[in-house]
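Report on one structure; see the data block that follows.
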Protein chains: 2
Amino acid sequence: MPTYSDNRPDTSEQDTNLPPPEQHARQYAAVRDAHETELIEDYVELIGDLLDHAGEARATDIAARMGVRQATVARMIRRLNDQGLVTNEPYRSIFLTERGRAMAEESRKRHGVVLQFLRSLGVDDATARIDAEGMEHHVSETTLGIMREFTLKQKGGD
Amino acid sequence: MPTYSDNRPDTSEQDTNLPPPEQHARQYAAVRDAHETELIEDYVELIGDLLDHAGEARATDIAARMGVRQATVARMIRRLNDQGLVTNEPYRSIFLTERGRAMAEESRKRHGVVLQFLRSLGVDDATARIDAEGMEHHVSETTLGIMREFTLKQKGGD
DNA sequence: TGCAAAGTTTAGCCTAGGCTAAAAATGTTT
DNA sequence: AAACATTTTTAGCCTAGGCTAAACTTTGCA
């Protein structure tokens with residue numbers, strides 16, 4: 001457990017200092033870690049959404065929604081299969097394993113929290129959707145909880 | 001036997017939760033675009049910070065702070081040079097071009113806004129730093145403006 | 001029923017961004 | 001000044017994630 005220097009929001013101007021090198025490195029490492037899992041999560045989340053809303057997840061639809069070619073999707077599906085996140089048989093549509101379903105649900109929730117938070121901050125819908133898509137994978141549990149709470153308060157206070 | 005096309009989605013109202021495919025694709029494309037530039041921006045921002053705080057930006061220090069090997073840094077520096085963002089001579093330390101300086105300043109500001117915003121939301125410093133590092137590149141100008149305003153209000157209201 | 005269209009997969013290319021190992025240049029110490 | 005240490009660069013390997021082209025399977029329609 002790292003020792004957190006301070007828990008108060010620091011709104012002073014003392015922000016011109018760099019963190020110590022090791023902490024700095026850990027920050028970037030965290031970002032790289034997020035990047036490794038984020039495409040996987042996006043695919044799994046999208047497959048879950050397609051299964052829920054369309055009843056099936058087809059490579060064509062995934063490709064159209066991800067904005068990539070089918071060949072790219074095909075290889076990613078193989079990877080998801082290798083990782084035990086989806087099941088698929090050649091030329092048939094794709095299903096989530098139990099683990100895949102869990103990941104999809106997790107992603108869906110996280111995505112929802114960030115999106116709602118941005119909206120409740122006053123960000124317009126189209127912008128909120130784009131930003132949420134990118135931010136989603138870089139928001140810690142801690143921050144996610146604070147966002148959730150904030151959104152609820154806003155909703156109640158309106 | 002489940003066939004391919006029995007369960008065609010009823011597009012009339014079922015996909016109200018999903019954006020239309022083209023918009024969906026644009027969201028992911030925006031994330032991919034951000035990923036392309038974000039490492040570049042991180043390096044440039046870090047080099048700027050090192051120049052400001054240490055007077056020079058050396059590959060060793062960049063490597064230590066990025067948490068990668070020097071070989072990785074060396075190749076990235078060549079790329080930054082190719083893109084006209086830094087100047088460097090063999091075995092000498094690195095400097096920003098005018099364009100590089102502008103990008104560093106831009107990144108520094110953006111980073112600061114996100115970090116301060118998270119702190120003013122009540123996120124602890126260590127977490128805020130990590131999250132800000134990841135979120136920074138996925139926050140639109142629109143949202144950035146709203147974050148800036150929010151932080152100011154919080155500061156005043158305290 | 002058979003054939004064309006649509007969907008899926010495979011093969012192979014490219015770039016980015018990690019890595020290690022080793023060579024080359026610079027800096028330091030005795 | 002020579003030897004050693006540090007820093008920087010280069011070469012080459014690996015994986016991820018885009019792409020195109022082409023082969024193959026399934027579906028739908030005349």
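Quick note on labels: first sequence line is chain A, next is B, and so on, each numbered from 1. Values reported hereafter were calculated over all heavy atoms of this structure, with side chains retained and with hydrogens, waters and symmetry mates removed.
- R92(A) has no side-chain polar atom (N or O) that falls below the 4.0 Å cut-off from OP1 or OP2 of dT9(C).
- Rounded to whole angstrom, the span from the CZ atom of R32(A) across to the C1' atom of dA16(C) amounts to 14 Å.
- In summary, E141(A) and R110(A) engage in a salt bridge, as defined by a charged side-chain N under 4.0 Å from a carboxylate O.
- Residue R69(A) has a polar side-chain atom (N or O) positioned under 4.0 Å from OP1 or OP2 of dT20(D).
- Heavy-atom distances to DNA chain C give each of V68(B) and Q83(B) a nearest nucleotide, and the one nearer the 5′ end belongs to Q83(B).
- Salt bridge absent: R65(A) and D61(A) never bring a charged side-chain N and a carboxylate O closer than 4.0 Å.
- Of the candidate nucleotides dT9(C), dG7(C), dC19(C), dC19(C) has the atom nearest to the side chain of A71(B).
- Per the geometry, OH belonging to Y43(B) stands 14 Å off P belonging to dA16(C), to the nearest Å.
- Here dT15(D) presents its C1' atom at 12 Å from CD1 of I40(A), a figure rounded to the nearest Å.
- Remark: D82(A) does not engage R78(A) in a salt bridge, criterion side-chain N to carboxylate O under 4.0 Å.
- Within 4.0 Å of A59(B), counting heavy atoms only, lie sugar-phosphate atoms of the nucleic acid but no base atom.
- The NE2 atom of H35(B) sits 11 Å away from the P atom of dG17(D) (whole-angstrom rounding).
- A donor-acceptor contact under 3.5 Å is formed by the side chain of R75(A) with the base of dG17(D).
- Using a 4.0 Å cut-off between charged nitrogen and carboxylate oxygen, R108(A) and D49(A) do not count as a salt-bridge pair.
- A salt bridge does not link E89(B) with R92(B): every distance from a Lys NZ or Arg NE/NH1/NH2 to an Asp or Glu carboxylate oxygen is 4.0 Å or more.
- Residue R78(B) is the one, among M76(A) and R78(B), whose nearest nucleotide of DNA chain D lies closer to the 5' end (criterion: closest heavy atom).
- Distance from the side chain of Q70(A) is smallest to dG7(C) among dT8(D), dG7(C), dA21(C).
- A straight line from CE of M66(A) to P of dG18(D) spans 6 Å, rounded to a whole angstrom.
- Following rounding to the nearest Å, E89(A) (CD) and dT26(D) (C1') show an atom-to-atom distance of 14 Å.
- If you take CG of N88(A) and P of dT26(D), they are 14 Å apart, rounded to a whole angstrom.
- Among the atoms of the strands shown, base atoms are found under 4.0 Å from some heavy atom of T72(A).
- When the side-chain nitrogen and oxygen atoms of T60(B) are compared with OP1 and OP2 of dT8(D), one or more of them lie within a distance under 4.0 Å.
- Between E38(A) atom CD and dG18(D) atom P there is a gap of 11 Å when expressed in whole angstrom units.
- Counting only heavy atoms from C-beta on, L39(B) has its side chain closest to dG18(C) among dT9(D), dG18(C), dT9(C).
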